[in-house]
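What follows is a short report on a single structure.
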Amino acid sequence: MPLENCILSIDQGTTSSRAIVFAPDSSIVAVAQQEFAQHYPNDGWVEHDPEDIWSSTLNVCEQAIAQATKKGAKIAAIGVTNQRETTLVWDKKTGKTIYNAIVWQDGRTADKCRELQNAGHLMTVQQRTGLLLDPYFSATKVAWILDNVDGARRKADANELAFGTVDSFLIWRLTGGKVHATDVTNASRTNLFNIHNLCWDETLLDIFNVPKSMLPEVKECAADYGNTAAGLFAYSIPIAGVAGDQQAASIGQCCFKQGDIKSTYGTGCFVLLNTGEKALLSKNKLLTTVAYTIKGKTNYALEGSIFIAGAAVQWLRDGLKIIECASETEAMAKSIPDDHGVFLVPAFAGLGTPYWAPNARGAIFGLTRATSSAHLARAALESVCLQTSDLLKAMREDGVNPKKLRVDGGMVANSWVCQFLAGVLDVTVERPKVMETTALGAAYLAGLQIGIYQSTDELASMNQIDSRFEPKMDTTKREKLLKGWASAIQSTLGFKA
């Protein structure tokens with residue numbers, strides 16, 4: 001296999017940074033991963049140390065490049081994909097951040113969002129951005145930093161500060177401060193970007209009180225994002241593709257046609273449905289977002305967002321300490337009868353689509369003296385599938401009725417999860433041969449930009465399915481499960497501390 005045109009894909013996620021080197025045929029040549037610390041300074045707050053993001057990213061890139069080089073590989077370009085909405089503000093002269101990264105899960109600006117909604121801004125925001133007024137998105141996070149860090153707003157007004165999502169921050173660091181840019185998918189998640197005109201929106205900037213001088217240049221997903229700074233790696237490498245993690249996963253799954261749908265199970269879970277060249281506004285609190293812009297063509301998507309998916313399994317490991325690794329949960333789930341009656345609502349960071357309840361908190365229902373760690377493990381896995389059912393129900397009420405769902409992410413290595421998901425949703429679930437579809441999507445974009453691939457049709461012809469899971473759950477069981485889940489959700493929403 002020729003290895004002179006490999007792509008280094010940087011996948012900077014919520015709990016870890018990864019670097020994967022892909023050969024042109026999408027096979028993996030090298031991979032490195034590093035977890036980093038999560039910080040919870042107050043109730044509902046989630047932060048990352050920006051230097052942890054940078055150092056872990058740099059470390060895994062160096063490791064992956066070293067592994068690939070030993071195999072005779074040459075890196076032709078870099079693709080970047082990232083946790084979306086997470087917000088950083090840094091000094092343009094020093095490149096140093098003025099506050100920790102405020103993570104997408106963070107709910108500190110819930111009151112501000114409510115204030116803006118009460119002031120009558122919801123419709124303006126939704127029509128221009130396709131999003132809702134929720135602390136999930138970047139705009140109120142930027143404003144919070146400017147209003148709560150000493151001297152920050154004065155420096156911003158003096159054009160001394162830069163704002164960016166994680167992709168922008170990494171591009172700035174990778175290019176030695178020469179490039180301040182983002183792509184349309186990440187821009188579309190800020191609440192500051194007009195998804196119809198594909199530009200920063202002056203009205204939105206006024207509503208959220210964010211100076212335009214802070215914002216990065218917005219580019220297509222496959223574009224020239226500059227070259228890595230001299231001395232960073234053994235040779236300078238062009239950065240040629242960028243997309244937010246969920247859009248990158250959709251690209252990695254080759255969801256290029258209207259109606260194609262995928263669901264990614266990482267820290268959270270995100271379902272994207274390609275709606276073609278039309279930005280459809282949901283009547284059921286789904287988000288409208290940019291799926292990608294490639295070679296001048298923009299496709300849009302409807303998106304459902306679940307804040308806690310794999311993070312629930314991480315909680316079992318790190319919080320409750322009832323497992324040592326995620327793979328244990330499959331056997332634990334199989335050991336429990338179907339009618340066990342335990343429901344976990346993992347609202348550790350509020351609830352996303354279709355509830356949008358940032359102040360909701362996690363809850364467990366149906367506990368008895370016989371409840372064991374295996375019950376909790378199975379309930380955690382089931383909760384991810386049941387939350388996905390809520391998303392597909394909203395899509396069906398919006399007039400879309402998918403019969404097939406492409407899945408990816410760490411959780412779907414668990415075949416029990418895939419089979420349970422197919423049963424609950426009553427759709428065929430397809431798992432790809434290359435599971436690292438988020439990183440693969442970023443690699444595909446970089447490859448398109450430098451000419452390794454000629455078109456999205458060529459990419460679609462390379463897509464390979466590993467396993468298909470057909471629904472086997474009977475209707476009575478499904479309806480009982482969904483009824484119990486709905487009761488658990490309503491009880492969670494009704495709880496007041």
Side-chain angles (χ1 to χ4, degrees), residues 1-12 18-32 60-61 64-65 67-69 71-82 167 170-171 174-175 179 181-186 219-228 233 235-257 260 262 274 290-299 406 408 432-464:
M1 182 197 313
L3 294 178
E4 57 270 6
N5 277 326
C6 291
I7 304 291
L8 171 65
S9 187
I10 296 172
D11 182 0
Q12 203 298 302
R18 285 186 297 173
I20 301 178
V21 176
F22 289 97
D25 66 356
S26 78
S27 62
I28 293 176
V29 178
V31 60
V60 295
C61 285
I65 290 172
Q67 291 175 33
T69 300
K71 297 178 180 180
K74 172 77 172 179
I75 309 299
I78 292 174
V80 177
T81 184
N82 56 285
D167 58 308
L170 292 179
I171 291 165
L174 287 166
T175 62
V179 178
T182 189
D183 85 295
V184 290
T185 67
N186 279 295
K219 295 174 176 278
E220 293 192 4
C221 300
D224 179 6
Y225 287 86
N227 296 322
T228 58
F233 304 122
Y235 47 91
S236 184
I237 308 170
I239 304 167
V242 179
D245 52 9
Q246 302 313 316
Q247 286 92 337
S250 185
I251 291 164
Q253 288 269 37
C254 297
C255 293
F256 298 121
K257 294 180 180 178
D260 286 349
K262 73 88 201 176
N274 189 326
V290 176
Y292 56 80
T293 301
I294 298 174
K295 296 184 178 180
K297 179 184 177 183
T298 299
N299 271 38
R406 301 174 186 178
D408 56 78
K433 188 171 184 180
V434 178
M435 293 283 284
E436 302 292 351
T437 55
T438 302
L440 181 60
Y444 280 165
L445 291 169
L448 284 169
Q449 173 63 16
I450 66 170
I452 293 175
Y453 313 115
Q454 301 306 310
S455 68
T456 55
D457 287 342
E458 180 184 349
L459 296 177
S461 71
M462 297 166 57
N463 194 40
Q464 293 180 303

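With rounding to the nearest 0.5 Å, the separation of CG in N227 from CD1 in I239 is 7.5 Å. The structure places OG of S250 at 8.0 Å from OH of Y292, a figure rounded to the nearest 0.5 Å. If you take SG on C254 and CG on D457, they are separated by 10.0 Å, rounding to the nearest 0.5 Å. Note: Q454 CD to K295 NZ = 6.0 Å, rounded to the nearest 0.5 Å. With rounding to the nearest 0.5 angstrom, the CZ atom of F233 is 11.0 Å from the OG1 atom of T69. Taken to the nearest 0.5 Å, the OG1 atom of T438 stands 7.0 Å off from the CZ atom of R18.
Here the side chains of F22 and V29 are not in contact, with every heavy-atom distance at 4.5 Å or above. Put simply, the side chain of D11 does not reach to within 4.5 Å of the side chain of V60, judged on heavy atoms. Contact check for Y225 versus Q449: no side-chain heavy atoms found under the 4.5 Å cut-off. Contact of the V242 side chain with the K219 side chain is not registered, since no non-hydrogen atoms from C-beta on lie closer than 4.5 Å.
A distance-only check finds no donor-acceptor pair linking the side chain of Y453 to the backbone of L445 [under 3.5 Å]. For the pair S455 (side chain) and E458 (backbone), a donor-acceptor distance under 3.5 Å is present. Side chain of Q12 to main chain of D167: no donor-acceptor pair is present (N/O by atom type, distance under 3.5 Å, no hydrogens or angles). A side-chain donor-acceptor contact under 3.5 Å links Q247 to the backbone of V290. Between the side chain of S9 and the backbone N or O of I20, no donor-acceptor pair lies under 3.5 Å. Side chain of T228 to main chain of L174: no donor-acceptor pair is present (N/O by atom type, distance under 3.5 Å, no hydrogens or angles). T182 contributes no side-chain N or O that, together with a main-chain N or O of N186, makes up a donor-acceptor pair within less than 3.5 Å. Distance alone, capped at 3.5 Å, is enough to place a donor-acceptor pair between the E220 side chain and the G296 backbone.
Closest approach of N5 and I452 over heavy atoms only: O-CD1, 3.3 Å. Summarising the geometry of D25 relative to S27, their closest heavy-atom pair is OD1-OG, 2.7 Å, with the distance given to 0.1 Å. The minimum heavy-atom distance between A76 and P238, with the atom names listed, is O-CG, 3.3 Å. Taking both residues in full, the closest heavy atoms of I251 and G441 are given as CG2-O, 3.8 Å, listed atom of the first, atom of the second, then distance. Closest approach of V179 and G226 over heavy atoms only: CG2-CA, 4.1 Å. Between A222 and L448, the closest heavy-atom pair is CB-CB, 4.4 Å.
For the residue pair N274/D260, the side-chain donor-acceptor check at 3.5 Å is not satisfied.
Stacking of K74 on the aromatic ring of Y235 is recorded, both the 6.0 Å distance cut-off and the 45° axial limit being met.
When the options T185, T298, D183 are evaluated for a side chain to side chain donor-acceptor pair (under 3.5 Å) with T293, the one that passes is T298.
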Requested in this report: Evaluate the criterion side chain to side chain contact (heavy atoms under 4.5 Å, CB included) for residue pair Q67 and V21; output intermediate values, then yes/no.
Outcome: CA-CA 9 Å; Q67 291 175 33; V21 176; over 6 Å; no
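Summarising the local packing, NZ of K257 is surrounded by 12 or fewer heavy atoms from other residues, nucleotides or ligands at distances under 6.0 Å.
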